[in-house]
Visitor: 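Shown below is the structure under consideration.
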Amino acid sequence: MKYNPQEIEKKWQKYWQENNFYQAEDFSKKPKLYILIEFPYPSGVGLHVGHCRSYSAMDAIVRKKRMEGFNVLYPIGWDAFGLPTENYAIKTGIHPQVATEKNVATFKRQLKSLGLSFDWDREINTTDPKYYKWTQWIFLQLLKKDLAYQAEIPVNWCPSCKIGLANEEVIDNKCERCGAKVEQKILKQWMFKITKYADRLIDDLDKVDFWEKIRAQQINWIGRSYGTNIDFKLENSEDKISVFTTRTDTLFGVTAMVLAPEHPLVEKLTTKENEKQVKKYIQESKEKTEFERTELEKEKTGVFTGSYCLNPVNQEKIPVWVGDYVVGTYGGGAVMVVPAHDKRDYDFAKKYGLEIKEVISGGDISKQAFVDYGKLVNSEEFNGLSSEQAIEKITQWLKKQGLGKKTVQYKLRDWIFSRQHYWGEPIPIIHCKSCGVVPVPEKDLPVELPFVEKYQPTDTGESPLARISEWVNVKCPKCGGEAKRETDTMPNWAGSNWYFMRYIDPKNDKALVDKKKLKYWMPVDWYNGGMEHTTLHLLYSRFIYKFLYDIKICPSPEPYQKRTSHGMVLAEDGRKMSKSFDNVINPDEIVKTYGADTLRIYEMFMGPFDQAIAWNPKGVKGVFRFLEKFWRLILECKQNEKSSSEIIRAAHQLNRKIDRDLEKMKFNTSIAAFMEFVNFASLNKEKLGRDVIERALKMLAPFAPHMTEELWHELGFKDSIHKQAWPKHDSKIVQEKMFTLIIQINGRVRDKIEVEVNLSEKKAKEIALSREKIKKWIGDKEIQKIIFVPQRLINIVI
RNA sequence: GCCGAAGUGGCGGAACUGGUUUACGCGUAGGUCUCAAAAACCUAUGAGAGCAAUCUCAUGUGGGUUCAACUCCCACCUUCGGCACCA
């Protein structure tokens, strides 16, 4: 019988589906395990082999855990709102909803052809009104708690497409779609106060088990720094400029003040003589986008306002400048310039001839800024202190004078939640002329996205929804007067913020999710996804979950107990797979040629799971050979009664290896060990008996679910291999009787010999010294020391 | 610049807690089978020297610790990923 994956895979997939194999059971007495993969965006190009990598790898873990007796929840759904589908609709005229349905069907067919053990009964779709009803509901809860608000914010605006663009849609300062130069436009946007959660989002990372790099990325993105806010009084006015600094110890070295162009005091501070230049400068920097401002990093520009402020420590006159290298939204939009001890300030001072005053010794400020900590000089009473001491002392002094206090700053900004697009969740808000912002009553949710013919953007920067007057014009729920719906929609993060909760109770129309079920299943025990989602998606969904915890919906402060990431699957040429490079690998082709089991195992075997790796068609073939070899081996040996002790030992060793490696996501070495075992058994076919065959099949089942199911039935079993208990290894059997004793002289291998495991040190010395080769090496030299490492080696030092 | 990770054959990569470097796969060479080829299977395969036994050199570079270093420490180089004028 030949190994024919095409035939057996379809057969077993059907069998598993008909018998509801992989359903998770609410409140089961078995220990629960919630394993989550990032749900895919059903794009028009179909499933990517990268999806397969993470889904099959986690599927192997899931299958093994089920065999070990866990009640596993391994769900799947569709993150279907978003730009690619909307752009496709604009281009082709096919409605996003229609396109989404079609794409979901394709993805579903493809995923099912891989034999992944998802619980399909819990399938969700973010574009389903029954689902986004609750996305909207969460928005209303945030609004209720004052965590959602509206603000005027500049957005990236494409004058040709007439649409607000997300940062991801701006490439090289041009519109991704049409290539027109992007401008800044002020629009009123919905915002979430995620900054209120900044500390908890950092500190609670201690409660979970995230990979170090993921943890670091979260911390980096939030960007917390401790420092001092210092007030600089103005020379000729009661106003003061408040600046944030982490280097209070350099306060005596301040030789200028730079304000961001947006700073509210700029206009007031600009003197008549300087008005022209300042206005010109501000106008120019307004025309620059965020991109240009950061792009011109090397060259710092600025202009003098004509005014001065006073250094609080010594009343020195400090010129006030405007410069667009100062970020308006951070630290009050002002910077105290200490050229001697900050690189950027040094550049700025050099360019405009500002004084460079050394106040921390240890460097050579005639050459470059000295940014390390050191001893204070030129700082009056604080001279001689270390930087650490001076930061404390000067801050205390400022506090006494009422001119400064300790504070914390974050890079994290509030989250812009509005998009001027059609294909997203409508924001459940009504704007009433007399009542103002009125939330849609919860009983009226969902606010359904109207099915329209035209989703082309408008001239005004409004969402395409603004054109649908019968949808927009409504009665105010409060006063019954004329009112209009909010026409912006939510970003694609909205649906993916909380989807893992909905899997727990996907059909509930009374609540977001039943609390008892939530308590049973949460938190997610293990969440695996792409590295590209370890900052924003992770942060946003943790924020939303924390909020829901605060309003007593969620049972725990963190949603994900463990977070891991997979590396990208690149094309054969090492580039990203892309239609334009014509290097895309279609999983359908691989399944058709070699079968799903080969594809699954290849993607686990190709390299370390967390690293990006290029596709290799030859490698796929190698895996197929392995499976064929295994197939033949089992069929040839199934009549053998008993296995030899070496084969049994090898099987138990493999068992241990898989147990260890799978937990650490070392799929590649698990498979390699399996290959080794099969190679060994193939050379000792007569010694491979029924007992080991059954064990081997069970061990391969999580990796090659179809083939092992077929062979299991071939052995005469009537039930499924996936319902069997995972085999345990016996540490006594694992233990080898013999080992290779390495004999070294001065740390270099000179001889080897097979000996018994429990060889004593004395015996080992005797053996080693009696060997001819060793005698020759030692000659008449004196033996200084002999080191014996049990079960490994003996080293003779001469 | 900051944070995170990595550097081992022709290639992807193994190596537990410091103890045989190169597992497994690919590729290559030779062989078996065949009229022939493909497929499959078997054998060999880090580099250099030697008829051979065997020896020398090899884990980015330079030092160090140790009986022993891919592994630990110090300095440097390179590559990748993330953040980035965040004061």
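Worth knowing before you read on, the calculation uses all heavy atoms, side chains too, and leaves out hydrogens, waters and symmetry mates. Bear in mind the structure is a predicted one, so any value in this text is a computation, not a measurement. Throughout, protein chains are lettered first and strands after them, A, B, ... in sequence-line order, and every chain is numbered starting at 1.
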Visitor: Let's test this: given Watson-Crick or G-U wobble pairing with both distances under 3.5 Å, identify the partner of B:C83.
Guide: B:G1
Visitor: What's A:Arg215 touching, base or sugar-phosphate or nothing? Going by heavy atoms closer than 4.0 Å.
Guide: nothing
Visitor: To the side chain of A:Asn795, which of B:C67, B:A87, B:U20 is closest?
Guide: B:C67
Visitor: Expressed as a whole number of Å, how far does the C1' atom of B:C83 sit from that of B:C73?
Guide: 29 Å
Visitor: Using the benzene-type ring in the case of Trp, are the ring centres of A:Phe348 and A:Tyr325 under 6.0 Å apart?
Guide: yes
Visitor: Select base, sugar-phosphate, or nothing to describe what A:Arg625 touches, counting heavy atoms under 4.0 Å on all strands.
Guide: sugar-phosphate
Visitor: Measuring only the P atom in each nucleotide, how far is B:U17 from B:U28? A whole number of Å is fine.
Guide: 36 Å
Visitor: Quick one about A:Tyr281 and A:Asp324 (side-chain donor to acceptor, distance below 3.5 Å, no hydrogens or angles considered), yes or no?
Guide: yes
Visitor: Over how many whole Å does the gap from A:Asp659 atom CG to B:C16 atom P extend?
Guide: 18 Å
Visitor: Pick the C1' atom in B:U65 and in B:C26, then give their distance to the nearest Å.
Guide: 39 Å
Visitor: Pick the closest RNA chain B nucleotide for A:Lys657 and for A:Ala614 by heavy atoms, then say which residue is nearer the 5' end.
Guide: A:Ala614
Visitor: Between A:Lys765 and A:Glu761, does any side-chain N to carboxylate O distance fall below 4.0 Å?
Guide: yes
Visitor: Specify the separation, in whole Å, of atom CE of A:Met675 and atom P of B:G25.
Guide: 6 Å
Visitor: Would you mind calling B:G9 syn or anti? Take O4'-C1'-N9-C4 for purines or O4'-C1'-N1-C2 for pyrimidines, and syn is within 90° of 0.
Guide: syn
Visitor: Taking any heavy-atom pair under 4.0 Å as a contact, classify A:Arg632: base, sugar-phosphate, or nothing.
Guide: sugar-phosphate
Visitor: Does B:A87 have its OP1 or OP2 closer than 4.0 Å to a side-chain nitrogen or oxygen of A:Ser225?
Guide: yes
Visitor: Between the base of B:C16 and the side chain of A:Arg792, is there a donor-acceptor distance below 3.5 Å?
Guide: yes
Visitor: Does this structure show an ion pair linking A:Arg771 with A:Glu766, if we count only N-O contacts that are shorter than 4.0 Å?
Guide: no
Visitor: Closest approach to the side chain of A:Asn220, judged atom by atom: which nucleotide of B:A87, B:G82, B:C67 is it?
Guide: B:G82
Visitor: Given that both distances must come in under 3.5 Å, which nucleotide forms a Watson-Crick or G-U wobble pair with B:U66?
Guide: none
Visitor: Given atom CH2 of A:Trp777 and atom C1' of B:U56, what is their separation to the nearest angstrom?
Guide: 10 Å
Visitor: Quick one: label A:Ile613 by what it contacts on the DNA or RNA (base, sugar-phosphate, nothing), any heavy atom closer than 4.0 Å.
Guide: sugar-phosphate
Visitor: Please work out if A:Val797 contacts a base, only the sugar-phosphate, or nothing of the nucleic acid, heavy-atom cut-off 4.0 Å.
Guide: sugar-phosphate
Visitor: With a cut-off of less than 4.0 Å, is there a side-chain N or O of A:Lys785 near OP1 or OP2 of B:C67?
Guide: yes
Visitor: Say you pick atom C1' in B:G9 and the same atom in B:A44; how far apart are they, in whole Å?
Guide: 15 Å
Visitor: With rounding to the closest Å, how many angstrom separate the C1' atoms on B:C85 and B:C76?
Guide: 28 Å
Visitor: Within less than 4.0 Å of OP1 or OP2 of B:U54, is there a side-chain N or O belonging to A:Lys773?
Guide: yes
Visitor: Of the options B:G25, B:A87, B:G12, whose atoms approach the side-chain atoms of A:Thr245 most closely?
Guide: B:A87
Visitor: Identify whether the distance between the nearest side-chain nitrogen and carboxylate oxygen of A:Asp206 and A:Arg215 falls below 4.0 Å.
Guide: yes
Visitor: Once you apply the 3.5 Å cut-off to both distances, tell me the Watson-Crick or G-U wobble partner of B:G9, or none.
Guide: none
Visitor: Once you round it to whole Å, what is the distance between C1' of B:G25 and OH of A:Tyr602?
Guide: 10 Å
Visitor: Does the plane of the ring in A:Tyr352 sit parallel, tilted or perpendicular to the ring in A:Trp321? Use 30° and 60° as the thresholds.
Guide: tilted
Visitor: Check the orientation of A:Phe370 and A:His341. Use parallel for under 30°, tilted for 30 to 60°, and perpendicular for over 60°.
Guide: perpendicular
Visitor: Roughly, in whole Å, what's the span from OH in A:Tyr410 to P in B:A87?
Guide: 13 Å
Visitor: Of A:Lys666 and A:Lys752, whose closest RNA chain B nucleotide lies nearer the 5' terminus?
Guide: A:Lys666
Visitor: Paired with B:U45: which nucleotide, if any, by Watson-Crick or G-U wobble criteria at under 3.5 Å for both distances?
Guide: B:G27
Visitor: Give the nucleotide from the list B:A23, B:G4, B:G25 with an atom nearest to the side chain of A:Ala216.
Guide: B:G4
Visitor: Check every strand shown and say whether A:Gln744 touches a base, only sugar-phosphate, or nothing at a heavy-atom separation below 4.0 Å.
Guide: base
Visitor: Report which part of the nucleic acid A:Met531 touches: base, sugar-phosphate, or nothing (heavy-atom distance under 4.0 Å, all strands).
Guide: nothing
Visitor: For nucleotides B:C57 and B:U22, find the distance between their C1' atoms and express it as a whole number of Å.
Guide: 15 Å
Visitor: Taking the six-membered ring where the residue is Trp, are the ring centres of A:Trp631 and A:Phe624 under 6.0 Å apart?
Guide: no
Visitor: Let me know the distance between CD of A:Glu212 and P of B:C3, rounded to the nearest Å.
Guide: 12 Å
Visitor: For A:Arg748 and B:U66, give me the distance from atom CZ to atom P, rounded to whole Å.
Guide: 19 Å
Visitor: Would you mind telling me which of B:C26, B:G19, B:U20 lies closest to the side-chain atoms of A:Ile742?
Guide: B:U20
Visitor: Parallel, tilted or perpendicular: which one describes the rings of A:Tyr197 and A:Phe543, with boundaries at 30° and 60°?
Guide: perpendicular
Visitor: The side chain of A:Arg750 lies closest to which of these nucleotides: B:A15, B:C55, B:G4?
Guide: B:C55
Visitor: Please determine, for the side chain of A:Tyr330, which listed nucleotide (B:C41, B:G25, B:A87) has the closest atom?
Guide: B:A87
Visitor: Could you check whether A:Asp345 gets within reach of a base, just the sugar-phosphate, or nothing at all, counting any heavy atom under 4.0 Å?
Guide: nothing
Visitor: Suppose you measure atom C1' in B:G60 against the same atom in B:A69; what distance do you get, rounded to whole Å?
Guide: 16 Å
Visitor: Picking from B:G19, B:A23, B:G13, which would you name as closest to the side chain of A:Asn668?
Guide: B:G13
Visitor: Which part of the nucleic acid, if any, lies within contact of A:Gly622, taking any heavy atom under 4.0 Å across all strands shown: a base, the sugar-phosphate backbone alone, or nothing?
Guide: sugar-phosphate
Visitor: Can you figure out which of B:G27, B:G82, B:G19 approaches the side chain of A:Gln217 most closely?
Guide: B:G82
Visitor: List the residues meeting salt bridge (charged side-chain N to carboxylate O under 4.0 Å, His left out) with A:Lys367, not counting sequence neighbours, and say none if there are none.
Guide: A:Asp364
Visitor: For A:Glu736 and B:C16, give me the distance from atom CD to atom C1', rounded to whole Å.
Guide: 15 Å
Visitor: Quick one: look up who B:U71 pairs with, Watson-Crick or G-U, both distances under 3.5 Å, and put none if it's unpaired.
Guide: none
Visitor: Rounding to the closest angstrom, what is the interatomic distance between B:A14 and B:A6 at atom C1'?
Guide: 16 Å
Visitor: Where the side chain of A:Lys300 is defined as all heavy atoms beyond and including C-beta, which of B:C24, B:A14, B:C85 is the nearest nucleotide?
Guide: B:C85
